[in-house]
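One structure below.
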Protein chains: 2
Amino acid sequence: MQQGIQLILDNISKIVSLTKEEQDLFVSKLQYLEYKKKEFFLHEGQFSNELNFIIEGCVLVFYTDHTGFSHLIQFAIEDWWVGDIASSTHNIPTQLNIQAVEKTKVLRISKEDLEYLFEAIPKLERFFRILLQKRVANLQQRIISSLSKTATERFLEFRAQYGFLENRITQLQIASFLGVTPEFLSMIRRKLNSTNK
Amino acid sequence: MQQGIQLILDNISKIVSLTKEEQDLFVSKLQYLEYKKKEFFLHEGQFSNELNFIIEGCVLVFYTDHTGFSHLIQFAIEDWWVGDIASSTHNIPTQLNIQAVEKTKVLRISKEDLEYLFEAIPKLERFFRILLQKRVANLQQRIISSLSKTATERFLEFRAQYGFLENRITQLQIASFLGVTPEFLSMIRRKLNSTNK
DNA sequence: TTAAAAAAATAAGATAGCTTAAGTATTTAC
DNA sequence: GTAAATACTTAAGCTATCTTATTTTTTTAA
């Protein structure tokens with residue numbers, strides 16, 4: 001079986017169960033792609049009309065502000081979905097960049113195909129509805145943290161939740177996700193080490 | 001026709017069109033409720049198993065941290081949907097409070113009825129899928145702002161986007177939404193007034 | 001394998017935003 | 001209609017976080 005197909009079908013089957021025919025129809029709409037390290041899926045200003053499922057690798061979704069600083073909005077590794085929902089929902093050019101930080105293999109589906117599949121397989125629309133609910137819960141939690149926690153607390157939360165990423169992305173990127181400068185994150189880490197060790 | 005039914009049907013018909021029978025089935029699951037000013041829909045620790053559509057009034061969704069401070073996560077006025085997606089998706093007690101800040105009239109639908117309706121009327125699942133996409137886009141924008149903007153910029157953004165709320169909720173609540181103290185917001189407003197006027 | 005580039009650490013000085021406290025204005029509840 | 005409660009403003013001093021600059025470490029690419 002083609003690369004990653006089993007992974008994506010398993011991912012879906014955790015939430016809804018498709019018949020063999022439905023699986024085949026779904027799979028027929030997938031496009032397999034590979035990106036090199038540092039290569040971009042999406043650049044600010046483009047229109048985003050796809051949804052990607054990561055089979056292998058790691059990508060970052062970031063926003064670059066008017067002073068040239070990047071802010072990490074989201075990351076995704078194998079078995080995760082990634083795309084720019086804002087751009088594709090509102091049909092506006094994206095303000096985000098999506099970049100591979102490792103060699104990355106994805107399965108991609110276009111917005112048009114996805115809309116067709118939602119008609120053909122309502123269970124698939126359910127799957128994405130539930131995925132979106134989880135994403136809303138996750139984003140809301142991040143807002144709660146940004147409103148109510150210190151940088152140190154947010155770093156500890158990041159570690160608890162995404163510790164597996166700590167050696168896969170740089171401190172610079174973690175700092176950007178937390179909303180602090182890399183210098184300040186470095187200081188936070190030093191303090192935590194001297195206290196706990 | 002009962003209070004607000006037309007409003008909710010119009011709200012849905014902006015995204016999907018239901019037949020008369022589907023509308024009737026949907027409407028049959030709605031419960032009409034009124035809340036007094038300051039009354040709570042939902043308290044931290046409860047399980048949230050409903051979705052609310054505001055017909056009239058205004059509610060605030062806030063998180064209270066361990067030091068007793070409140071942080072405004074979301075607000076909703078007439079013609080908006082509100083609920084705790086995190087709690088109802090993951091079946092965990094909510095960490096949020098939902099409180100009416102004015103006399104508020106709502107139409108409520110239970111999670112069970114909603115799930116039944118998604119089976120009976122797939123278009124309704126589409127409606128909520130699209131609503132969730134918009135919510136994700138909105139939350140993501142808020143994260144971008146919190147990562148990349150100063151308090152003054154965030155306040156101007158709030159005014160541009162939610163100016164209609166400026167006289168409906170207090171400065172305290174706006175400050176809490178922006179993630180600053182009310183004292184600091186007061187200072188921001190003074191500076192803006194002295195510069196622009 | 002090594003030179004160049006990028007990332008991370010350290011530290012000193014600067015600032016956005018917080019705390020505390022007091023005073024004034026507005027709203028609420030009887 | 002009035003007293004009490006709540007919201008808002010102002011201001012001084014404080015702290016978390018940023019900026020800038022330098023050094024050290026790690027990664028990248030030829």
Side-chain angles (χ1 to χ4, degrees), chain A residues 35-39 58 60 62 64-72 75 99-103 145-159 165-195 197, chain B residues 35-39 58 60 62 64-72 75 99-103 145-159 165-195 197:
Chain A
Y35 287 91
K36 288 183 223 135
K37 185 170 184 168
K38 299 206 176 167
E39 214 178 335
C58 179
L60 302 182
F62 62 94
T64 302
D65 69 28
H66 59 99
T67 67
F69 271 90
S70 287
H71 305 277
L72 187 49
F75 36 72
Q99 188 181 24
V101 289
E102 303 171 359
K103 179 183 176 186
S145 297
S146 92
L147 291 176
S148 66
K149 296 190 173 174
T150 65
T152 304
E153 288 168 332
R154 277 179 278 136
F155 175 60
L156 291 172
E157 187 179 58
F158 170 85
R159 260 195 180 161
L165 268 178
E166 216 179 330
N167 297 310
R168 231 166 138 176
I169 65 178
T170 66
Q171 297 302 118
L172 219 128
Q173 289 154 352
I174 295 172
S176 153
F177 183 81
L178 297 175
V180 295
T181 57
E183 292 82 356
F184 191 56
L185 177 57
S186 178
M187 210 204 71
I188 288 169
R189 281 156 44 91
R190 177 158 44 114
K191 276 198 183 158
L192 288 173
N193 279 335
S194 68
T195 320
K197 239 186 155 186
Chain B
Y35 287 90
K36 289 184 223 135
K37 185 169 185 169
K38 299 208 176 163
E39 214 177 337
C58 179
L60 302 182
F62 61 95
T64 302
D65 68 29
H66 58 100
T67 69
F69 272 89
S70 287
H71 304 277
L72 186 50
F75 36 73
Q99 188 182 23
V101 289
E102 304 170 358
K103 178 182 175 186
S145 298
S146 91
L147 291 176
S148 67
K149 296 188 174 175
T150 65
T152 304
E153 288 169 332
R154 276 178 279 135
F155 175 60
L156 290 172
E157 187 180 57
F158 170 85
R159 260 195 179 162
L165 268 179
E166 216 178 332
N167 297 312
R168 232 165 139 175
I169 65 178
T170 66
Q171 298 303 120
L172 220 127
Q173 288 155 352
I174 295 173
S176 154
F177 183 80
L178 297 176
V180 295
T181 58
E183 292 84 356
F184 191 57
L185 177 58
S186 180
M187 209 205 72
I188 287 170
R189 281 156 43 90
R190 176 160 43 114
K191 277 199 181 157
L192 287 173
N193 281 334
S194 68
T195 319
K197 240 189 158 182

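Every heavy atom of this structure was used, including side-chain atoms; hydrogens, water molecules and symmetry mates were not. Chain letters run A, B, ... following the sequence lines, proteins first, then strands; residues in each count from 1. Keep in mind that what you see is a predicted model, and the values were worked out from it rather than measured.
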Using atom CG of B:L172 as one end and atom P of C:dC18 as the other, report the distance to the nearest whole Å. 13 Å

Under the rule of Watson-Crick or G-U wobble with both distances under 3.5 Å, where | means paired to another strand and [ ] a crossing pair, DNA chain D maps to ||||||||||||||||||||||||||||||

Results of salt bridge (Lys or Arg N to Asp or Glu O under 4.0 Å) for B:E157 - residues two or more places apart only: B:K149

Please report, rounded to the nearest Å, how far the C1' atom of C:dA11 is from the NZ atom of A:K191. 13 Å

What residues, two or more places apart in sequence or in another chain, satisfy salt bridge (Lys or Arg N to Asp or Glu O under 4.0 Å) together with B:E102? B:R168

Name all residues meeting the ring-ring contact (aromatic ring centres under 6.0 Å, His included) criterion together with A:Y35; count only those two or more places apart in sequence or in a different chain, and write none if there are none. A:F41

Check the phosphate of D:dT9 against B:R189, side-chain N and O only, distance under 4.0 Å to OP1 or OP2. Yes or no? yes

Measuring to OP1 and OP2 of D:dC8, would you say a side-chain N or O of B:R190 lies under 4.0 angstrom away? no

Please name all residues satisfying side-chain contact (heavy atoms from CB on, under 4.5 Å) with B:T150, sequence neighbours left out, ordered by chain then number. B:T152, B:E153

What string of B, S and - do you get for nucleotides 16-30 of chain D, 5' to 3', if B is base contact, S is sugar-phosphate-only contact and - is no contact with any protein heavy atom under 4.0 Å? -BSBB-------S--

Look at all strands and tell whether B:T170 reaches a base, only sugar-phosphate, or nothing, counting heavy atoms closer than 4.0 Å. sugar-phosphate

Take atom CD of B:E102 and atom P of C:dT27, then tell me their distance rounded to the nearest Å. 14 Å

The criterion is side-chain contact (heavy atoms from CB on, under 4.5 Å); which residues satisfy it with A:S186, sequence neighbours excluded? none

Can you name the side-chain contact (heavy atoms from CB on, under 4.5 Å) partners of A:A151, sequence neighbours left out? A:R154, A:V180, A:F184, A:I188

Below 30° counts as parallel, above 60° as perpendicular, anything between as tilted: where do the rings of B:F158 and B:F75 land? perpendicular

All pairs passing side-chain hydrogen bond (donor to acceptor under 3.5 Å, both in side chains) where residues 172-184 of chain B contributes a residue, at least two apart: B:T170-B:Q173

B:V101 vs B:K37, side-chain contact (heavy atoms from CB on, under 4.5 Å): CA-CA, chis, key distance, verdict: CA-CA 5 Å; B:V101 289; B:K37 185 169 185 169; 5.9 Å; no

From CD1 of A:I169 over to P of C:dA7, roughly how many Å is that when rounded to an integer? 12 Å

Grab the CG-P distance between B:L178 and C:dA16 for me, whole Å please. 17 Å

Roughly how many Å is it from CD in B:Q173 to C1' in C:dT27, rounded to a whole number? 13 Å

Using atom CG of A:L192 as one end and atom P of C:dA9 as the other, report the distance to the nearest whole Å. 12 Å

